[in-house]
**Student:** 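What follows is a single structure, and I will ask about it in a moment.
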Amino acid sequence: MKVSEVMTRDVQTVRPDQAAQDAASFMLQADTGSIPVAEGDRLLGMITDRDIAVRGVAKGYGPDTPVRDLMTNDLVCARIDDDVEDIASKMSEAQVRRLPVIDEQERLCGIVSLGDLARETDPDTAEKALEGVAQPGGQHQQ
């Protein structure tokens, strides 16, 4: 099964020049811990609630800080034609709960989450991804 069959296609994004408070407000409203940062359909990074709280607040940044100053730009991504088993391994190794999905031109076309894998694939695939995410340690950048 390909990632394009299980991913969420309607992905909300924030721009790098938007305030961290805008990103946090979206995350609160959508009940999610991260949001892709993009200009048009070009993925630039991800910002997480942890980026805002730890990178931002711990370093004294305020709510008006531009997203670009807090986002993670060294991303682990899925390709639209990747196999879900490969994505589960990638999520486990990177210890992340979601991956942005890009196409051949590096355009953002979706996002795949642990929930997507749990709902749409066999239990072993989701379990593989969850094993790494549940392990302590790692960089937790996405």
**Student:** With clusters defined by side-chain heavy atoms of hydrophobic residues (ILVMFWY) lying less than 4.5 Å apart, directly or transitively, does Leu75 cluster with Met71?
**Tutor:** no
**Student:** In terms of hydrophobic clusters joined by side-chain contacts under 4.5 Å, are Val76 and Leu114 together?
**Tutor:** yes
**Student:** Can you tell if the side chain of Val84 reaches within under 4.5 Å of the side chain of Val6, non-hydrogen atoms only?
**Tutor:** yes
**Student:** Distance check, rounded to the nearest 0.5 Å: Thr32 atom OG1 versus Arg97 atom CZ?
**Tutor:** 10.5 Å
**Student:** Please name the residue in the list Asp49, Val96, Thr48 that meets the side-chain contact (heavy atoms from CB on, under 4.5 Å) test with Ser34.
**Tutor:** Thr48
**Student:** Please lay out, stage by stage, how Tyr61 and Ile52 fare under the test side-chain contact (heavy atoms from CB on, under 4.5 Å).
**Tutor:** CA-CA 9 Å; Tyr61 293 117; Ile52 294 168; over 6 Å; no
**Student:** Donor-acceptor check, side chain of Ser92 to backbone of Ala88, threshold 3.5 angstrom: yes or no?
**Tutor:** no
**Student:** Determine all donor-acceptor pairs shorter than 3.5 Å in which one atom belongs to a side chain in residues 100-112; sequence neighbours excluded.
**Tutor:**
{"from": "Asp103", "atom 1": "OD1", "to": "Gln105", "atom 2": "N", "distance (Å)": "2.9"}
{"from": "Asp103", "atom 1": "OD1", "to": "Glu106", "atom 2": "N", "distance (Å)": "3.2"}
{"from": "Asp103", "atom 1": "OD1", "to": "Arg107", "atom 2": "N", "distance (Å)": "2.9"}
{"from": "Asp103", "atom 1": "OD2", "to": "Arg107", "atom 2": "NE", "distance (Å)": "2.9"}
{"from": "Asp103", "atom 1": "OD2", "to": "Arg107", "atom 2": "NH2", "distance (Å)": "2.8"}
{"from": "Gln105", "atom 1": "OE1", "to": "Arg107", "atom 2": "NH2", "distance (Å)": "2.9"}
{"from": "Glu106", "atom 1": "OE2", "to": "Arg79", "atom 2": "NH1", "distance (Å)": "3.3"}
{"from": "Glu106", "atom 1": "OE2", "to": "Arg79", "atom 2": "NH2", "distance (Å)": "2.8"}

**Student:** Do you know which two heavy atoms are closest between Lys2 and Ile80, and how far apart they sit?
**Tutor:** CB-O, 4.4 Å
**Student:** If you measure from CD1 on Ile47 to CZ on Arg68, what distance do you get to the nearest 0.5 Å?
**Tutor:** 11.5 Å
**Student:** Which pair of non-hydrogen atoms, one from Leu43 and one from Pro36, has the smallest distance, and what is that distance?
**Tutor:** CD1-CB, 3.9 Å
**Student:** Assess whether side-chain contact (heavy atoms from CB on, under 4.5 Å) is satisfied between Asp51 and Met46, documenting all intermediate values.
**Tutor:** CA-CA 9 Å; Asp51 291 334; Met46 294 280 284; 5.8 Å; no
**Student:** Using the side-chain contact (heavy atoms from CB on, under 4.5 Å) rule, take Asp82 and Lys90 through it: C-alpha gap first, then chi angles, then the decisive distance, then the call.
**Tutor:** CA-CA 11 Å; Asp82 284 347; Lys90 201 180 266 194; 4.0 Å; yes
**Student:** At what distance, to the nearest 0.5 angstrom, does CD1 of Ile87 lie from CE of Met1?
**Tutor:** 13.5 Å
**Student:** Work out which heavy atom in Leu99 is nearest to a heavy atom in Met91; give both atom names and the distance.
**Tutor:** CD1-CG, 3.6 Å
**Student:** With no hydrogens and no angle check, is any side-chain donor or acceptor of Arg9 less than 3.5 Å from a backbone partner on Ser4?
**Tutor:** yes
**Student:** Of all heavy-atom pairs between Ile35 and Gln12, which one has the smallest distance, and what is that distance?
**Tutor:** CG1-O, 3.4 Å
**Student:** How far apart are the closest heavy atoms of Pro16 and Ala38, and which atoms are they?
**Tutor:** CD-O, 3.7 Å
**Student:** Please lay out, stage by stage, how Thr65 and Leu70 fare under the test side-chain contact (heavy atoms from CB on, under 4.5 Å).
**Tutor:** CA-CA 8 Å; Thr65 301; Leu70 302 174; 4.1 Å; yes
